[in-house]
Enquirer: 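I have a structure here, written as structure tokens, and I will follow up with some questions on it.
In the text below, chain A, chain B and the rest are named by the order of the sequence lines, each starting its count at 1.
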Protein chains: 2
Amino acid sequence: MKTSFSYEGIKKKGYKVTRQREIILDILRKANVHLSADEIYIKAKSRSPGIGLTTIYRTLEMLYNLGYVNKYDFGEGRARYELNDTMVETCKHHHHLVCLRCNRVIDYTDFVPQETELITKTISGISRKYGFKVQTHIIQFYGICKECQKRKNKNGRL
Amino acid sequence: MKTSFSYEGIKKKGYKVTRQREIILDILRKANVHLSADEIYIKAKSRSPGIGLTTIYRTLEMLYNLGYVNKYDFGEGRARYELNDTMVETCKHHHHLVCLRCNRVIDYTDFVPQETELITKTISGISRKYGFKVQTHIIQFYGICKECQKRKNKNGRL
DNA sequence: TTGAAAATGAAAACCAGTTTCAGTTACGAG
DNA sequence: CTCGTAACTGAAACTGGTTTTCATTTTCAA
């Protein structure tokens with residue numbers, strides 16, 4: 001099953017499986033939104049009050065380096081994380097629409113069939129031309145969401 | 001010419017054209033790499049020693065809000081900026097290859113002809129489905145660059 | 001069981017970016 | 001041209017996310 005798989009992966013790399021890491025991984029597994037380190041901290045704290053924020057950061061970094069979590073910057077001044085699709089089957093590959101005004105993030109999953117093909121082609125082109133070994137990619141669209149378009153902002157700028 | 005165009009755009013929005021803003025805009029115009037606020041500060045300081053870091057941040061934010069500069073996060077914990085292609089004709093639309101090991105950023109400009117078409121199609125789909133008005137987009141590929149692939153890292157991790 | 005390597009938590013440090021505020025500047029109205 | 005005011009500026013203090021340090025605890029292979 002998936003659970004033991006991830007732990008095995010962690011062990012195999014020489015990392016130890018600790019109670020804290022199990023909790024953090026479980027929180028990520030159950031989350032269906034992008035969590036910040038602090039949000040994970042709050043959730044983890046309710047299960048294991050002694051846990052430290054430092055551990056959250058260290059674990060997230062480890063998981064990121066292992067390729068088990070994706071790390072995003074949506075322009076809020078802090079990172080957000082989610083389990084990679086290789087870890088959770090419910091988490092389908094997706095991209096993001098980021099609202100420049102309210103910072104809301106919409107997951108975008110409606111790919112035209114061409115996309116996968118084009119990305120695959122691009123990745124192999126990148127490998128050939130630059131010798132660059134692509135692990136992941138992100139595509140983010142920045143703009144103004146539906147709600148913010150209605151709302152006029154006061155100073156007329158932006 | 002381009003120069004007066006940008007200044008006019010700034011004036012038109014109710015912002016003032018100051019010596020500091022001219023310097024910062026000029027630095028961005030001459031840069032052919034993505035600069036951090038601090039790097040811009042150093043360069044600006046050599047031309048106008050009195051300039052403050054605060055002003056750099058404020059100007060970059062203004063230019064970003066006006067859509068004159070692009071703001072990127074390459075996972076270093078600080079933002080990097082570059083003039084938008086609408087401002088400088090030499091700065092062609094491009095994407096990035098970010099090396100997860102050495103943080104090097106390679107500009108990627110070799111688009112397959114399909115790409116523009118696909119992106120356009122996707123943007124109109126996003127607009128239709130989510131009512132989201134796309135202003136810009138970024139596509140970034142993360143992986144290991146040629147040089148880092150040769151270099152084996154000590155602990156065998158990563 | 002055990003010992004060494006790895007992981008932990010608390011506190012302090014770090015650092016990019018923001019806010020505050022008093023003084024300065026741009027620039028359009030007159 | 002000059003004047004008034006809204007916009008801008010720089011210094012310093014502050015904020016808040018993330019990292020480092022270090023003494024203690026835990027994991028797990030031998």
Enquirer: If the cut-off is 4.0 Å, is A:Arg21 near the phosphate of C:dT8, judged by side-chain N/O to OP1 or OP2?
Expert: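 True: A:Arg21 side-chain N/O within range (under 4.0 Å) of C:dT8 OP1/OP2.
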Enquirer: Base of C:dG17, side chain of B:Arg58 - is there a donor-acceptor contact under 3.5 Å?
Expert: no
Enquirer: Tell me what A:Thr54 touches on the nucleic acid: a base, only sugar-phosphate, or nothing, going by heavy atoms under 4.0 Å.
Expert: base
Enquirer: Looking only at side-chain N and O atoms, does B:Gln20 come under 4.0 Å of OP1 or OP2 in C:dT25?
Expert: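 It does not, given that no N or O in the side chain of B:Gln20 lies less than 4.0 Å from OP1 or OP2 of C:dT25.
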Enquirer: Fit a plane to each ring of A:Tyr108 and A:Phe141, take the angle between them on a 0 to 90° scale, and name the class: parallel (under 30°), tilted (30 to 60°) or perpendicular (over 60°).
Expert: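 Aromatic pair A:Tyr108/A:Phe141 classed perpendicular.
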Enquirer: Tell me the interatomic distance from A:Met62, atom CE, to C:dA5, atom P, rounded to whole angstroms.
Expert: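 It works out to 20 Å between those atoms.
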Enquirer: With respect to the side chain of A:Thr18, which nucleotide from C:dC27, D:dG17, D:dT27 is positioned closest?
Expert: D:dT27
Enquirer: So, does B:Tyr57 get its side chain near the phosphate of C:dT18, meaning an N or O under 4.0 Å from OP1 or OP2?
Expert: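 B:Tyr57 to C:dT18 OP1/OP2: no side-chain N or O under 4.0 Å.
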Enquirer: Is there a side-chain contact between A:Val134 and A:Thr122 in this structure, where contact means two heavy atoms from C-beta onward sitting under 4.5 Å apart?
Expert: no
Enquirer: Provide, to the nearest angstrom, the distance between the NZ atom belonging to A:Lys16 and the P atom belonging to D:dA30.
Expert: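 Taking NZ of A:Lys16 and P of D:dA30, I get 12 Å after rounding.
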Enquirer: Specify the separation, in whole Å, of atom CD1 of B:Ile24 and atom C1' of D:dC8.
Expert: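 Going from B:Ile24 (CD1) to D:dC8 (C1'), I get 12 Å.
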Enquirer: Mark yes or no for whether A:Thr59, through its side chain, and A:Ile56, through its backbone, hold a donor-acceptor pair below 3.5 Å.
Expert: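 Looks like no, no N/O pair under 3.5 Å.
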Enquirer: Let me know the distance between CD of B:Glu61 and P of D:dC8, rounded to the nearest Å.
Expert: 12 Å
Enquirer: Take the protein atom CZ of B:Arg19 and the nucleotide atom P of C:dT25, then report the distance between them rounded to whole Å.
Expert: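 Rounded to the whole Å, the gap is 12 Å.
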Enquirer: Could you give the CD-to-P distance, from B:Glu76 to D:dT19, as a whole number of Å?
Expert: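 Those two atoms, CD and P, are 13 Å apart.
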Enquirer: Find the distance B:Lys71:NZ to C:dT18:P and express it as a whole number of Å.
Expert: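 Between P of C:dT18 and NZ of B:Lys71: 6 Å.
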Enquirer: If you only use heavy atoms from C-beta on, which nucleotide in D:dT18, C:dG17, D:dC8 is closest to the side chain of A:Arg78?
Expert: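 Looking only at heavy atoms from C-beta outward on A:Arg78, the closest nucleotide is D:dT18.
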Enquirer: When you look at NZ of B:Lys45, are more than 12 heavy atoms from neighbouring residues, nucleotides or ligands closer to it than 6.0 Å?
Expert: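 More than 12 heavy atoms, drawn from other residues, nucleotides or ligands, come within 6.0 Å of this atom.
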Enquirer: Classify B:Ile51 by what it touches in the nucleic acid, base, sugar-phosphate, or nothing, heavy-atom distance under 4.0 Å.
Expert: sugar-phosphate
Enquirer: Rounded to the nearest 0.5 Å, what's the gap from CG on B:Asp73 to OH on A:Tyr72? Could you check?
Expert: 13.0 Å
Enquirer: Just how far, in rounded Å, is P of C:dA7 from CG of A:Leu53?
Expert: 18 Å
